[in-house]
Trainee: 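If you scroll down you'll find the structure; I have some questions about it.
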Amino acid sequence: MIKNLFLYNSLIGEKVKFEPIASNNVGIYVCGPTVYSEVHLGNCRTFISFDVIVRYLKFLGYNVRYVRNITDAGHLENDADFGEDKISKKAKIEQLEPMEIVQKYTLDFHNVMSLFNTLPPSIEPTATGHIIEQIEMIKSIIKNGYAYEVNGSVYFDVKKYINDGYQYGKLSGRDIDELISGSRDLQGQQEKKNPSDFALWKNASKQHIMKWPSPWGTGFPGWHLECSAMGAKYLGDQIDIHGGGMDLKFPHHECEIAQGVSANNVDPVKYWMHANMLTLNGKRMSKSTGNTLLPEEIFSGENEILKKAFSPLVVRFFMLQAHYRSVLDFSSVALSASEKGFNKLMEAKKVLSNVKFVQKNINTELDSQIVNLIEACYKHMNDDFNTPQTIATLFELVSIVNTCNNANSFGEISKETFIYLQKTMNGFILDVLGLDNLDSQSNDKSAQLVELMLSIRNEAKNNKNYALSDQIRNQLNEIGITIKDGKEGTTYSIT
RNA sequence: GGUCUCGUGGCCGAGUGGCUAGGCAGUGGUCUGCAAAACCAUCUACAUCGGUUCGAAUCCGAUCGAGACCUCCA
């Protein structure tokens with residue numbers, strides 16, 4: 001298959017043709033969560049966005065190695081270089097070992113990711129598991145002259161890096177002079193040559209819980225370093241795609257570029273991709289401001305924003321109806337609208353899977369219309385993973401499927417196109433968008449039971465005992481089973 | 001304050017220099033014992049003011065408004 005994928009490289013701010021460094025193999029690194037509390041829905045959006053990106057790369061036939069880290073050390077509060085370690089802080093609050101915190105919230109994260117039907121990464125490295133690699137990387141940076149040691153801490157020398165002709169601030173569009181002469185005056189900053197320098201290694205005080213030995217004394221690695229070290233270890237000195245939330249552009253990703261360049265003398269990333277924020281009440285979701293919703297609160301309906309519970313896949317679908325680079329605002333009405341659309345899409349997929357194909361006279365106009373729409377699905381995904389347009393195109397196919405189903409006229413499509421249509425609908429809905437059918441939750445016995453109820457209802461209907469038939473319909477409806485009387489008999493769907 | 005992004009119909013959200021996505025909601029039909037679903041038809045748009053152009057919602061400028069980053073955050 002000829003691949004014609006274009007993606008938006010946030011480093012240069014343009015859509016460019018995607019060409020992997022090593023032929024058909026793609027390495028992708030996505031910054032994972034800091035596991036010091038439950039992931040909120042905003043975090044999830046980023047991971048769902050990149051899940052679709054990984055899925056589509058695989059769908060196109062690329063060999064994908066997907067690395068997403070777990071930050072379990074080094075991520076500091078308030079200020080990147082002088083705050084308290086987030087994990088340690090939480091450990092004190094909850095009176096647990098730091099690694100108990102890490103374990104607890106890693107499990108929570110995995111559970112939520114699985115509910116959202118995201119694929120697990122190929123490798124999920126942790127910062128604490130790669131202290132040696134991080135120390136080695138710092139050594140390289142020092143050796144190359146871009147870092148210096150002060151009182152057991154090591155800082156990156158931004159000014160030297162810039163003076164040597166490298167661009168620091170390009171990714172985030174920051175002004176270099178402003179960065180060098182940054183005026184913030186924070187406690188402990190006097191250790192740095194320059195306020196914009198950032199920590200690669202921090203000396204640990206006696207009370208500090210999470211610390212490791214190093215050539216510069218006992219301490220812990222800086223947050224920006226882990227992604228550089230682990231990315232290089234598993235995906236090479238230059239990675240095809242590096243992704244993360246928009247908010248990580250500065251300083252995190254900017255620092256990663258500087259670290260990669262100064263350690264390995266190569267631009268560490270070929271394509272930078274950034275997913276946009278999820279907002280709530282018009283403001284970005286954020287743990288520190290408390291403007292958040294937890295996934296569990298949505299699935300259970302126990303929150304003040306939503307009127308009812310929503311399933312994880314409906315939330316996923318809702319997110320995919322917006323482009324990953326756009327801000328998306330979360331609201332109850334928007335989610336309800338998505339839920340209905342989601343059910344409509346799934347229902348049509350089911351119809352298409354179950355239909356018995358009998359060839360009739362071919363309607364060439366209809367046939368080519370379907371082929372065009374199928375090709376449009378690829379076209380839109382190839383255009384920087386435009387899921388909303390792809391979904392819109394799928395809905396046009398849904399309309400055709402329903403029309404053919406009503407008129408019993410699938411046979412007017414050529415057999416070849418019909419199979420192509422089935423494969424495309426299933427492929428895009430299940431494999432690319434990752435929307436599994438909720439009906440799979442029901443088991444054989446409950447299905448038999450519903451069939452039994454329907455046959456009793458049918459008998460009542462034939463006897464014009466509508467009181468009974470309507471009672472059965474209403475009561476089934478109350479437990480979430482919707483009855484539809486069609487020409488070909490009665491069907492039902494579970495919501 | 002600096003940098004950047006955005007402002008689309010009742011709501012959510014794509015897109016684009018000319019042929020007006022899609023979903024939800026509304027209205028009128030078809031079907032049905034009635035519903036539901038589906039289908040058909042239909043109604044609401046491109047913040048404001050200028051400019052470029054044969055033509056702009058789409059490009060440029062100004063204004064107003066919103067948001068993000070500049071400190072930890074996906």
Side-chain angles (χ1 to χ4, degrees), chain A residues 13 30-34 36-37 39-50 75-84 86 89 169 172-175 178-179 182 184 186 223 243-252 274-279 282-289 292 317-318 321-323 325-345 347-348 351 376 380 383 386-396 398-407 461 464-466 469-470 473-474 477 482-487 490-493:
Chain A
V30 174
C31 291
T34 303
Y36 68 104
S37 65
V39 279
H40 62 69
L41 201 66
N43 301 319
C44 295
R45 186 188 180 197
T46 298
F47 301 125
I48 289 170
S49 294
F50 283 101
H75 204 158
L76 308 182
E77 290 265 326
N78 303 320
D79 180 86
D81 302 332
F82 296 96
E84 189 175 2
K86 290 195 171 195
K89 185 182 177 185
S172 51
R174 230 128 289 255
D175 184 64
E178 188 190 303
L179 285 171
R184 286 192 305 118
L186 291 165
W223 172 43
M246 206 78 108
D247 50 349
L248 297 184
K249 261 184 162 182
F250 188 90
H252 187 55
H274 290 95
N276 216 324
M277 300 293 106
L278 185 69
T279 61
K283 293 269 167 61
R284 88 174 267 207
M285 281 199 194
S286 159
K287 282 179 204 170
S288 51
T289 58
T292 55
F317 179 73
F318 160 76
Q321 277 189 303
H323 193 263
R325 279 194 288 120
S326 300
V327 173
L328 175 63
D329 193 58
F330 189 87
S331 71
S332 188
V333 280
L335 205 55
S336 294
S338 286
E339 184 176 51
K340 294 195 176 172
F342 174 80
N343 290 335
K344 184 176 175 173
L345 184 65
E347 205 50 42
V351 165
H380 294 134
D383 180 20
N386 196 325
T387 53
Q389 277 222 311
T390 304
I391 289 170
T393 308
L394 288 174
F395 273 113
E396 291 188 57
V398 164
S399 175
I400 291 175
V401 166
N402 285 331
T403 302
C404 287
N405 190 42
N406 281 356
K461 267 178 72 181
K464 297 206 189 310
N465 184 355
Y466 297 126
S469 72
D470 286 358
R473 181 172 67 197
N474 292 342
N477 200 33
T482 312
I483 301 299
K484 282 172 262 186
D485 292 329
K487 275 181 188 163
T490 302
T491 58
Y492 69 95
S493 60

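In this text, all values refer to a predicted model and were calculated from it rather than measured experimentally. Order of the sequence lines fixes the chain letters, A, B, ..., with proteins taken first and strands second; residue numbering starts at 1 for each chain.
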Trainee: Go along nucleotides 32-38 of chain B 5' to 3' and tag each nucleotide: B for a protein heavy atom under 4.0 Å from its base, S when only backbone or sugar atoms are that close, - otherwise.
Mentor: -BBBBSB

Trainee: Would you indicate whether the side-chain heavy atoms of A/E339 and A/F317 approach each other to under 4.5 Å?
Mentor: no

Trainee: Please report the distance separating the P of B/U20 from the corresponding atom of B/U30, rounded so that it comes out in whole Å.
Mentor: 29 Å

Trainee: Do any N or O atoms from the side chain of A/T279 and from the backbone of A/L328 form a donor-acceptor pair under 3.5 angstrom?
Mentor: yes

Trainee: Partner of B/G17 by Watson-Crick or G-U wobble geometry, both contacts under 3.5 Å, or none?
Mentor: none

Trainee: Nearest whole Å is fine: how far is B/G22 C1' from A/Q321 CD?
Mentor: 8 Å

Trainee: Hey, could you give me the OH/CD1 distance between A/Y492 and A/I483, rounded to the nearest 0.5 Å?
Mentor: 9.0 Å

Trainee: Please measure how far the C1' atom in B/A56 lies from the corresponding atom in B/G18, and state the result in whole Å.
Mentor: 9 Å

Trainee: Could you please spell out the steps behind the side-chain contact (heavy atoms from CB on, under 4.5 Å) verdict for A/T292 and A/L41?
Mentor: CA-CA 7 Å; A/T292 55; A/L41 201 66; over 6 Å; no

Trainee: In whole Å, what separates the P atom of B/U58 from that of B/U8?
Mentor: 13 Å

Trainee: In this structure, how many angstroms lie between the C1' atom of B/C70 and the CG atom of A/L248, rounded?
Mentor: 15 Å

Trainee: According to the Watson-Crick and G-U wobble definitions, with both distances under 3.5 Å, which nucleotide is paired to B/A25?
Mentor: none

Trainee: Could you check whether A/E339 gets within reach of a base, just the sugar-phosphate, or nothing at all, counting any heavy atom under 4.0 Å?
Mentor: nothing

Trainee: Round to a whole Å and report the spacing from CE of A/M285 to C1' of B/A68.
Mentor: 16 Å

Trainee: What nucleotide among B/C72, B/C70, B/G13 has an atom nearest to a side-chain atom of A/S288?
Mentor: B/C72

Trainee: If you define the side chain from C-beta out and look only at heavy atoms, does anything of A/M277 sit under 4.5 Å from A/D247?
Mentor: yes

Trainee: Base, sugar-phosphate, or nothing for A/G42, non-hydrogen atoms under 4.0 angstrom?
Mentor: base

Trainee: B/G22, B/C72, B/A74: which one has an atom nearest the side-chain heavy atoms of A/K86?
Mentor: B/C72

Trainee: Rounding to a whole Å, what distance do you find between A/N43:CG and B/C72:P?
Mentor: 16 Å

Trainee: I'd like the C1' distance from B/A57 over to B/U53, given in whole Å.
Mentor: 15 Å

Trainee: According to the Watson-Crick and G-U wobble definitions, with both distances under 3.5 Å, which nucleotide is paired to B/G50?
Mentor: B/C60

Trainee: For B/A45, give its Watson-Crick or G-U wobble partner with both distances under 3.5 Å, or none.
Mentor: none

Trainee: Taking only the P atom of each, what is the distance from B/G7 to B/G17 in whole angstrom?
Mentor: 15 Å

Trainee: Say you pick atom C1' in B/U27 and the same atom in B/G15; how far apart are they, in whole Å?
Mentor: 27 Å

Trainee: Please give, in whole Å, the distance from B/C12 P to A/K340 NZ?
Mentor: 17 Å

Trainee: What integer number of Å spans the C1' atoms of B/A14 and B/C46?
Mentor: 12 Å

Trainee: Students often get this wrong, so: under 4.0 angstrom with heavy atoms, is A/N386 touching a base, only sugar-phosphate, or nothing?
Mentor: sugar-phosphate

Trainee: Are A/F318 and A/F342 close enough that their ring centres sit under 6.0 Å apart?
Mentor: no

Trainee: Can you tell me how far P of B/G22 sits from CG of A/N343, to the nearest Å?
Mentor: 20 Å

Trainee: Would you say A/E347 and A/N402 make side-chain contact, with heavy atoms under 4.5 Å?
Mentor: no

Trainee: Side chain of A/D247 only, heavy atoms from C-beta on: which candidate in B/A74, B/G22, B/C11 is closest?
Mentor: B/A74

Trainee: Is any side-chain nitrogen or oxygen of A/K249 closer than 4.0 Å to OP1 or OP2 of B/U3?
Mentor: no

Trainee: Remember a base hit wins even if backbone is also touched, and classify A/H380 as base, sugar-phosphate or nothing at under 4.0 Å, heavy atoms.
Mentor: nothing

Trainee: C1' atom, B/U48 versus B/C11: distance in rounded Å?
Mentor: 23 Å

Trainee: Counting side-chain heavy atoms from C-beta on, which of B/A74, B/G22, B/G13 comes nearest to A/A322?
Mentor: B/G13

Trainee: Return the nearest nucleotide to the side chain of A/L328; candidates are B/A25, B/A74, B/G13.
Mentor: B/G13

Trainee: Does any N or O in the side chain of A/S326 come within less than 3.5 Å of the main-chain N or O of A/A322, such that one atom is a donor and the other an acceptor?
Mentor: no

Trainee: At under 4.0 Å between heavy atoms, what does A/M277 touch on the DNA or RNA strands: base, sugar-phosphate, or nothing?
Mentor: base

Trainee: Across all strands, who's sitting opposite B/G55 as a Watson-Crick or G-U wobble pair, both distances under 3.5 Å?
Mentor: none

Trainee: Applying a 3.5 Å limit to both distances, which nucleotide forms a Watson-Crick or G-U wobble pair with B/A68?
Mentor: B/U3

Trainee: Where do A/S49 and A/R45 land on the side-chain contact (heavy atoms from CB on, under 4.5 Å) test, with the steps shown first?
Mentor: CA-CA 6 Å; A/S49 294; A/R45 186 188 180 197; 4.2 Å; yes

Trainee: Tell me which nucleotide, if any, is Watson-Crick or G-U wobble paired with B/U32 when both distances must be under 3.5 Å.
Mentor: none

Trainee: Out of B/C70, B/G13, B/G67, which nucleotide sits closest to the side chain of A/K283?
Mentor: B/G67

Trainee: Under the 3.5 angstrom rule, does the side chain of A/S286 hit a backbone N or O of A/S288 as a donor-acceptor pair?
Mentor: yes

Trainee: Checking base pairs now: Watson-Crick or wobble, both atom distances under 3.5 Å. What partners B/G9?
Mentor: none

Trainee: Rounded to whole angstroms, how far apart are CG on A/L278 and C1' on B/A68?
Mentor: 14 Å

Trainee: Return whichever of A/S326 or A/E396 has its heavy-atom-nearest nucleotide of RNA chain B closer to the 5' end.
Mentor: A/S326

Trainee: Using the side-chain heavy atoms of A/Q389, tell me which of these nucleotides is nearest: B/C72, B/G15, B/C11.
Mentor: B/G15

Trainee: Whole angstroms only, please: what is the NE2-C1' distance between A/H323 and B/C12?
Mentor: 17 Å

Trainee: Please identify which of these residues, A/D470, A/T490, A/D485, meets the side-chain hydrogen bond (donor to acceptor under 3.5 Å, both in side chains) condition with A/K461.
Mentor: A/D485

Trainee: Classify A/A392 by what it touches in the nucleic acid, base, sugar-phosphate, or nothing, heavy-atom distance under 4.0 Å.
Mentor: base

Trainee: Looking at B/G22, B/C70, B/C12, which one has an atom nearest to any side-chain atom of A/F318?
Mentor: B/C12

